[in-house]
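Report on the following structure.
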Amino acid sequence: MRLLLISDTHLPKRAKRLPDRLLAELPHADVVFHAGDWVDTATLDLLESESRRLIGVYGNNDGDDLRARLPEVAYAELGGLRFGVVHETGPARGREARCAERFPGLDVLVFGHSHIPWDTTAPGGLRLLNPGSPTDRRRQPHATYMTATLADGALTDVTTHTLPRGTSRRAR
C-alpha cells in the first residue's frame, strides 16, 4: 500500500496551487493523509475527488467550513497498523513522550503545524511523521512532502521529498 503524507498547504495564501510533482503522486497513492491547515475548501475538494482514500484533519488556520467537514483527530487501521492524524503536537522538546502518552495504542502518528519534516520513534514504538509543507517551507531549505509503503504490517520506504524552490510559492 502506497501512502502520501502532506500538511500545511495554506492555499491560496502561501501558493496558488499544489505543486505539479505532488499532484502527480495522487494516482499512485492508496491513501492520502493531510495533517491540517488546508485554509481553503477547494484543496479538500480536490484531494477528496482525486484520492482513493483521504484521511485528513483540520488545523489551527482552518475556518468553520473546514472544521465542519473534518475532525480534529482522525484514526484508521491500515495494513495491520493503527494510524492517527492530528495537526498540532506542541513543542519539539518532549514530543515523543507527550504523543506516546496522548495517543496510546497507535503505531504511527502523522502531524503537521511546524512545517518541519520529522521522523522519529517514541519509546514504546510510536512512529511520528511530519511531512513538512509542500507550499510554505518557512525556515526550511525546501518545501516537502512524504511517501511511504505499508506492507506486511510494517511501514517502510518512508521518504521525505523535497520540491525545488520556486515551485511552491506564489509569484511575487
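Asn60 pairs by the side chain to side chain donor-acceptor pair (under 3.5 Å) definition with His87, His113, not counting sequence neighbours. By the side chain to side chain donor-acceptor pair (under 3.5 Å) test, Asp30 pairs with Arg52, sequence neighbours left out. The side chain to side chain donor-acceptor pair (under 3.5 Å) search around Arg82 returns Asp107, not counting sequence neighbours. For Arg21, the side chain to side chain donor-acceptor pair (under 3.5 Å) criterion is met by no residue, not counting sequence neighbours.
The closest side-chain donor-acceptor pair between Thr43 and Asp40 falls under 3.5 angstrom. Counted by atom type alone, Thr135 and Arg14 present zero donor-acceptor pairs between their side chains at under 3.5 Å.
Ala24 approaches Pro27 most closely through the heavy-atom pair O-CD, 3.3 Å.
A continuous path of hydrophobic side-chain contacts links Val73 to Trp118 [ILVMFWY only; heavy atoms under 4.5 Å]. Cluster annotation: Leu54 and Tyr75 are assigned to distinct hydrophobic clusters (Ile/Leu/Val/Met/Phe/Trp/Tyr, side-chain heavy-atom contacts under 4.5 Å, transitive).
Taking the six-membered ring where tryptophan is involved, the planes of His115 and His10 are tilted, since the angle between them lies from 30° to 60°.
Listed by first and then second residue, the ring-ring contact (aromatic ring centres under 6.0 Å, His included) pairs involving residues 34-63 are His34-Trp38 (not counting sequence neighbours).
Using modelled atom types, no side-chain atom of Thr162 and backbone atom of Thr144 make a donor-acceptor pair closer than 3.5 Å.
Between Arg127 and Asp119 there is a salt bridge, since a side-chain N of the basic residue sits under 4.0 Å from a carboxylate O of the acidic one.
Summarising the local packing, CD of Glu48 is surrounded by more than 12 heavy atoms from other residues, nucleotides or ligands at distances under 6.0 Å.
Atom CG of Leu126 sits about 6.5 Å away from atom SG of Cys99, to the nearest 0.5 Å.
Side-chain contacts under 4.5 Å among hydrophobic residues (ILVMFWY), followed directly or transitively, place Val85 together with Met1, Leu3, Leu5, Val31, Phe33, Ile55, Val57, Leu78, Leu81, Phe83, Val108, Val110, Leu129, Met146, Leu150, Leu155, Val158.
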